[in-house]
Amino acid sequence: MTATDIDSTAPARERQQVYQVIHRIPAGRLCSYGTVAAMAGLPGRARWVGRLLGQLPDDSLLPWFRVINSQGKISFPEGTENYRRQLDKLVEEGSAEPSGRIFWRRCRWPD
DNA sequence: CTCCTGACTCCAC
DNA sequence: TGTGGAGCCAGGA
């Protein structure tokens with residue numbers, strides 16, 4: 001293992017930590033980017049988590065849609081494809097209404 | 001409730 | 001090597 005290898009393996013480990021946390025979010029519950037980052041042992045790196053989720057494959061089994069911003073809103077511009085996909089999922093689980101209203105306070109995780 | 005600001009990190013040019 | 005934008009956050013008006 002050379003010094004340059006460390007640079008590529010360390011972030012990979014941090015990614016797994018983040019995936020692990022998101023995988024732990026129960027159905028019908030919600031979590032913020034900042035909280036996910038903190039629980040993964042990466043405080044202050046909420047934006048990095050957001051960037052990470054943006055790179056997830058379309059067929060990922062990870063419940064990425066249960067992650068929203070700290071204001072209880074979907075971070076995509078309203079009307080975009082991603083916004084729709086995420087909202088539909090949340091509606092399916094009963095944590096949001098088709099109108100776009102999200103039950104952030106009620107579904108927040110962990111309590 | 002909404003809009004604005006300052007602070008912080010990561011990545012693509 | 002420097003700079004600016006991004007799926008953020010907290011606080012205040």
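Side-chain atoms are counted along with the backbone in the values below, which use heavy atoms only and exclude waters and symmetry mates. Letters go in sequence order (proteins before strands), and every chain restarts at 1.
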Close side-chain approach of A:W64 to A:K89, heavy-atom, < 4.5 Å: no
Length of the line joining A:R45:CZ and B:dC8:P, which is rounded to integer Å: 16 Å
Atom pair distance, as rounded to whole Å: CD1 in A:I102 and P in B:dC1: 12 Å
Sugar-phosphate only, base, or nothing, as touched by A:R51 at under 4.0 Å among non-hydrogen atoms: base
Nucleotide B:dT9, atom P - distance to CG of A:N69 in whole Å: 20 Å
Sugar-phosphate only, base, or nothing, as touched by A:G54 at under 4.0 Å among non-hydrogen atoms: base
Involving DNA chain C, stems made of at least three consecutive Watson-Crick or G-U pairs, both distances under 3.5 Å: B:2-6 with C:9-13, B:9-13 with C:2-6
Length of the CZ-P vector between A:R66 and C:dG7, whole Å: 22 Å
Interatomic distance, A:I74 CD1 vs C:dC8 P [rounded to whole Å]: 12 Å
Nearest atoms (heavy-atom pairs only) where A:V67 meets A:Q86: O-NE2, 3.0 Å
Side-chain donor or acceptor of A:S70 paired with backbone N/O of A:S32 under 3.5 Å: no
Whole-Å gap separating C1' (C:dA6) and CH2 (A:W48): 15 Å
Between C1' of C:dC9 and CZ of A:R47, the distance in whole Å: 9 Å
d(CH2, A:W104; C1', C:dC9) in whole Å: 12 Å
